[in-house]
Colleague: 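Below is a structure I'd like to ask you about.
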Amino acid sequence: MDNSTIANVFDELAELLEFKGENPFRIRAYSQGAKAIRDLDESVADIVADPNRKLSDLAGIGKTLAEKTETLLQSGSLPQLEKLREEVPEVLIQMARVPGLGAKKAAKLQKELDIDSLADLRAACESGSVAKIKGFGEKTAQAILDGLAIAEQAAERIRWAEGDALARSIGRHMESCPAIETMQWAGSYRRGRETIGDLDLLVVASDRNAAMDHLEAYGDRSQTIARGDTKISIRVGKAFQVDMRCVDANQFGAALQYFTGSQAHNVHTRRIAKDKGLKINEYGVFRVDDETQIAGATEEDVYAAIGLPWIAPELREDRNEFKLAAAGELPELITEDDIRGDLHMHTTATDGQNTIREMADAAIARGLKYIAITDHSKRVTMAMGLDADRLRDQWAMIDEIRPEYEGKLVILKGIECDILESGGMDLPDDVLAEADWVLASVHYGQRQPREKITERILGAIENEHVDCIAHPTGRLINRRPPYDVDMDAVMKAAAANGTLMELNANPARLDLNDVHLAAAKKLGIPIVISTDAHTLDGLDVMQYGIKQARRGGLTKADVANTKTFKQFAKLL
DNA sequence: GCCGTTTTCGGCCCGACTGTTTTCAGTCG
């Protein structure tokens with residue numbers, strides 16, 4: 001059982017306990033335990049198996065959660081969870097996911113009105129029976145109806161790149177507001193999370209009402225959810241929420257820090273402040289005894305006030321950033337300027353839209369010094385994958401054009417070779433041996449059982465000609481789950497065999513994810529950030545990979561394609 | 001349920017906004 005499965009169990013326990021009206025701090029303990037395990041850069045099972053280590057040494061895991069984790073690892077289930085699932089009606093969980101309804105209101109409605117489904121809930125709102133319950137009213141009933149409509153429109157988190165496009169569009173609109181002096185995006189968008197649940201805009205405005213009016217005038221606004229003196233929330237398009245907060249200039253840094261989150265990171269900063277006799281809120285850092293403000297204008301000031309250096313937003317998840325910051329060991333995160341090569345791209349030989357020359361010229365225009373041409377192998381029939389003959393023809397072509405690029409760009413003879421369903425590589429070893437760069441990837445048999453898929457990938461790692469595992473989990477964000485693969489085993493094998501691992505920068509993939517990247521870094525596995533470009537524009541997705549790499553805490557030194565070609569070649 | 005060099009008990013981040021309340025609970029981030 002892997003970390004995320006265990007974490008999901010604790011999250012579900014927390015959710016179910018909330019409906020039982022449990023002590024909120026006990027509920028939080030389960031959530032925090034889930035987070036601690038999910039964010040861990042090593043396998044919980046390994047820690048349990050190690051006689052020299054204890055699970056309860058992990059922050060947020062005490063005696064009880066350690067025992068439950070061991071039960072899960074041994075038996076695969078938890079009696080407490082089974083019992084709670086029986087006790088809490090499924091409809092309660094659905095109800096609490098309706099925006100505006102939480103566990104308490106949902107439980108009260110369900111109990112008093114005997115609601116069995118969301119359809120029942122809608123009917124109860126429409127008939128007026130909800131409004132008659134003590135503590136509820138007409139407006140609450142209407143808010144629930146609105147919430148139901150939103151929930152039906154599947155307000156799922158959007159990919160970071162989509163959030164980026166929306167933020168830029170709203171940003172352009174807001175720039176024309178004369179009342180706004182400063183503005184900056186915060187929230188999970190600023191932290192670079194792979195998906196964004198809403199957008200958070202922070203502004204300093206000479207006239208707050210004018211700024212809020214201006215946001216409400218955004219063309220695609222569908223609804224205003226709330227509007228107060230300092231904060232406004234609107235809905236854009238069908239269901240996406242955008243919040244704007246107005247603050248004074250001397251509060252901007254504190255507000256930016258607060259609004260950027262994550263929530264867990266903020267809780268941690270405030271706890272540190274409290275220990276120092278300080279209080280942090282979105283208006284600044286204050287001494288508790290006399291309410292004096294000691295910081296707030298910039299984020300650097302806020303962190304300095306609690307004795308820490310500024311922490312990059314991508315790291316603010318309350319994973320290990322506080323420990324690193326306190327020790328002065330925060331990583332200097334990779335930037336797009338550090339990238340010198342791109343080692344995964346396709347051409348017209350298979351499913352790409354441009355020729356080798358066109359890709360090479362576009363790479364030069366983007367400042368790259370080396371690329372690898374990595375078309376599909378023959379198993380990928382839909383993309384007209386290459387057999388040995390066609391591949392050798394392509395390599396002959398590369399030999400032919402290389403002189404034109406002498407001193408400007410190194411073009412590697414590569415292949416994205418499929419790992420076959422039955423195991424083994426899609427091209428014979430003697431062909432792979434002629435390649436400069438071999439990516440191995442799974443495209444078929446993605447639903448095979450864990451043991452089988454893991455065995456296939458381990459086989460590729462152990463093949464001496466394979467340089468790198470491409471998109472190692474196969475997930476497509478919001479579309480397709482990762483293969484059921486034992487990533488702990490894959491990473492250990494990659495480390496042992498000197499095989500590189502890809503961070504595929506395509507915004508739908510971003511594969512490996514941030515936690516995997518941190519784990520790879522810990523094991524010393526060099527990461528290659530590649531675009532998997534199928535078009536010239538496809539080369540521009542590198543920025544998304546960089547964002548993801550930063551979230552994994554990667555520095556220039558952790559990423560192989562930041563090296564000069566001469567240094568990079570030593571890894572092959 | 002977790003945690004600790006003020007502690008093994010008694011805390012646990014902090015505030016905006018809404019609706020329904022005549023002083024605050026619920027929800028959200």
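Source: prediction; values computed, not measured. All chains are named by letter (A, B, ...) in the order of the sequence lines, taking the proteins before the strands, and each is independently numbered beginning at 1.
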Colleague: Could you work out the separation of B:dT21 and B:dG26 based on their P atoms and round it to a whole Å?
Modeller: 13 Å
Colleague: Say we look at B:dC17 and B:dC9: how far apart would their C1' atoms be, to the nearest angstrom?
Modeller: 35 Å
Colleague: Does the pair A:Arg271/A:Asp275 count as a salt bridge with the N-to-O cut at 4.0 Å?
Modeller: no
Colleague: Nearest whole Å is fine: how far is B:dC28 C1' from A:Asp243 CG?
Modeller: 9 Å
Colleague: Give the residues of residues 130-143 of chain A touching DNA chain B, defined as any heavy atom closer than 4.0 Å, sorted by residue number.
Modeller: A:Gly135, A:Phe136, A:Gly137, A:Glu138, A:Lys139, A:Thr140
Colleague: Is the shortest heavy-atom distance from the side chain of A:Phe240 to the side chain of A:Glu162 under 4.5 Å?
Modeller: no
Colleague: Working to the nearest 0.5 angstrom, can you tell me the gap between A:Arg245 CZ and A:Leu202 CG?
Modeller: 8.5 Å
Colleague: Consider only side-chain N and O atoms of A:Asn504 and A:Arg475, and report whether a donor and an acceptor are under 3.5 Å apart.
Modeller: no
Colleague: Using OP1 and OP2 only, check whether a side-chain N or O of A:Arg28 sits under 4.0 Å from B:dC13.
Modeller: yes
Colleague: Take atom CG of A:Asp200 and atom P of B:dC28, then tell me their distance rounded to the nearest Å.
Modeller: 15 Å
Colleague: Please state whether the phosphate of B:dG26, meaning OP1 or OP2, lies under 4.0 angstrom from any side-chain nitrogen or oxygen of A:Lys105.
Modeller: no
Colleague: Give a yes-or-no answer on whether the side chains of A:Glu282 and A:Gln251 include a donor-acceptor pair shorter than 3.5 Å.
Modeller: no
Colleague: For nucleotides B:dC12 and B:dT7, find the distance between their C1' atoms and express it as a whole number of Å.
Modeller: 14 Å
Colleague: Could you tell me the separation between the CE atom of A:Met95 and the P atom of B:dG26, rounded to a whole number of Å?
Modeller: 15 Å
Colleague: Any side-chain N or O of A:Ser233 less than 4.0 Å from the OP1 or OP2 oxygen of B:dT18?
Modeller: no
Colleague: Pull up the glycosidic torsion of B:dT7 and say syn or anti, syn being anything within 90° of 0.
Modeller: syn
Colleague: Could you tell me which nucleotide pairs with B:dG26 by Watson-Crick or G-U wobble geometry, both distances under 3.5 Å, or answer none if nothing does?
Modeller: B:dC17
Colleague: Are A:Asp164 and A:Lys547 within salt-bridge range, i.e. N to O under 4.0 Å?
Modeller: no
Colleague: Atom NZ of A:Lys274 to atom C1' of B:dG11: distance rounded to whole Å?
Modeller: 8 Å
Colleague: Distance only, no hydrogens: is a donor on one side chain within 3.5 Å (strictly under) of an acceptor on the other, for A:Gln293 and A:Tyr283?
Modeller: no
Colleague: Scan nucleotides 4-9 of chain B against the protein and return all N/O pairs shorter than 3.5 Å with their distances rounded to 0.1 Å.
Modeller:
none

Colleague: Looking only at atom P, what distance separates B:dG1 and B:dT5, rounded to whole Å?
Modeller: 23 Å
Colleague: Heavy atoms, side chains only, cut-off 4.5 Å: are A:Pro472 and A:His516 in contact?
Modeller: no
Colleague: Please work out if A:Thr230 contacts a base, only the sugar-phosphate, or nothing of the nucleic acid, heavy-atom cut-off 4.0 Å.
Modeller: sugar-phosphate
Colleague: For A:Glu18 and B:dG26, what is the distance between atoms CD and C1' respectively, to the nearest whole Å?
Modeller: 11 Å
Colleague: Contact class for A:Asn23 (heavy atom, under 4.0 Å): base, sugar-phosphate, or nothing?
Modeller: base
Colleague: Say you draw a straight line from CG of A:Leu78 to NZ of A:Lys83; how long is it, rounded to the nearest 0.5 Å?
Modeller: 12.0 Å
Colleague: Once you apply a heavy-atom cut-off of 4.0 Å, does A:Ile61 come out as touching a base, just sugar-phosphate, or nothing?
Modeller: sugar-phosphate
Colleague: Which sits closer to the 5' end of DNA chain B, A:Ala226 or A:Asp198, going by the nucleotide each is nearest to?
Modeller: A:Ala226
Colleague: Under 4.0 Å between any heavy atoms, over every strand shown, what does A:Leu17 touch: base, sugar-phosphate, or nothing? Just pick one.
Modeller: nothing
Colleague: Does the pair A:Leu17 and A:Arg26 meet the rule for a side chain to side chain contact (heavy atoms under 4.5 Å, CB included), with working shown?
Modeller: CA-CA 9 Å; A:Leu17 286 170; A:Arg26 184 173 173 231; 4.0 Å; yes
Colleague: Could you tell me whether A:Asp11 and A:Arg38 have a side-chain N and a carboxylate O separated by less than 4.0 Å?
Modeller: yes
Colleague: Suppose you measure atom C1' in B:dC2 against the same atom in B:dC13; what distance do you get, rounded to whole Å?
Modeller: 16 Å
Colleague: Give, ordered by number, those residues of residues 281-319 of chain A having at least one heavy-atom distance below 4.0 Å to an atom of DNA chain B; if nothing qualifies, reply none.
Modeller: A:Asn281, A:Glu282, A:Tyr283
Colleague: Counting heavy atoms from C-beta on, name the nucleotide in B:dC2, B:dC13, B:dC17 closest to the side chain of A:Lys231.
Modeller: B:dC17
Colleague: Under 3.5 Å, is there a donor-acceptor pair between the side chain of A:Thr71 and the main chain of A:Glu67?
Modeller: yes
Colleague: Any base atoms under 4.0 Å from A:Tyr30, or only sugar-phosphate, or nothing? Heavy atoms, all strands.
Modeller: sugar-phosphate
Colleague: Say you draw a straight line from CZ of A:Arg270 to NZ of A:Lys279; how long is it, rounded to the nearest 0.5 Å?
Modeller: 10.0 Å
Colleague: Would you give the length of the straight line joining atom CD of A:Gln223 to atom CD1 of A:Ile225, rounded to the nearest 0.5 angstrom?
Modeller: 5.5 Å
Colleague: Using whole Å, report how far CD of A:Gln241 lies from P of B:dT27.
Modeller: 16 Å
Colleague: Ignoring backbone atoms, test whether A:Arg26 places a side-chain nitrogen or oxygen under 4.0 Å from the OP1 or OP2 oxygen of B:dG1.
Modeller: yes
Colleague: Report the distance from atom CZ of A:Arg270 to atom P of B:dG29, rounded to the nearest whole Å.
Modeller: 15 Å
Colleague: Assign each of A:Arg227 and A:Lys279 to its nearest nucleotide of DNA chain B by heavy atoms, then name whichever residue's nucleotide is nearer the 5' end.
Modeller: A:Lys279
Colleague: For atom C1', what is the distance between B:dT8 and B:dC3, given to the nearest Å?
Modeller: 10 Å
Colleague: In this structure, how many angstroms lie between the P atom of B:dC3 and the CZ atom of A:Arg271, rounded?
Modeller: 10 Å
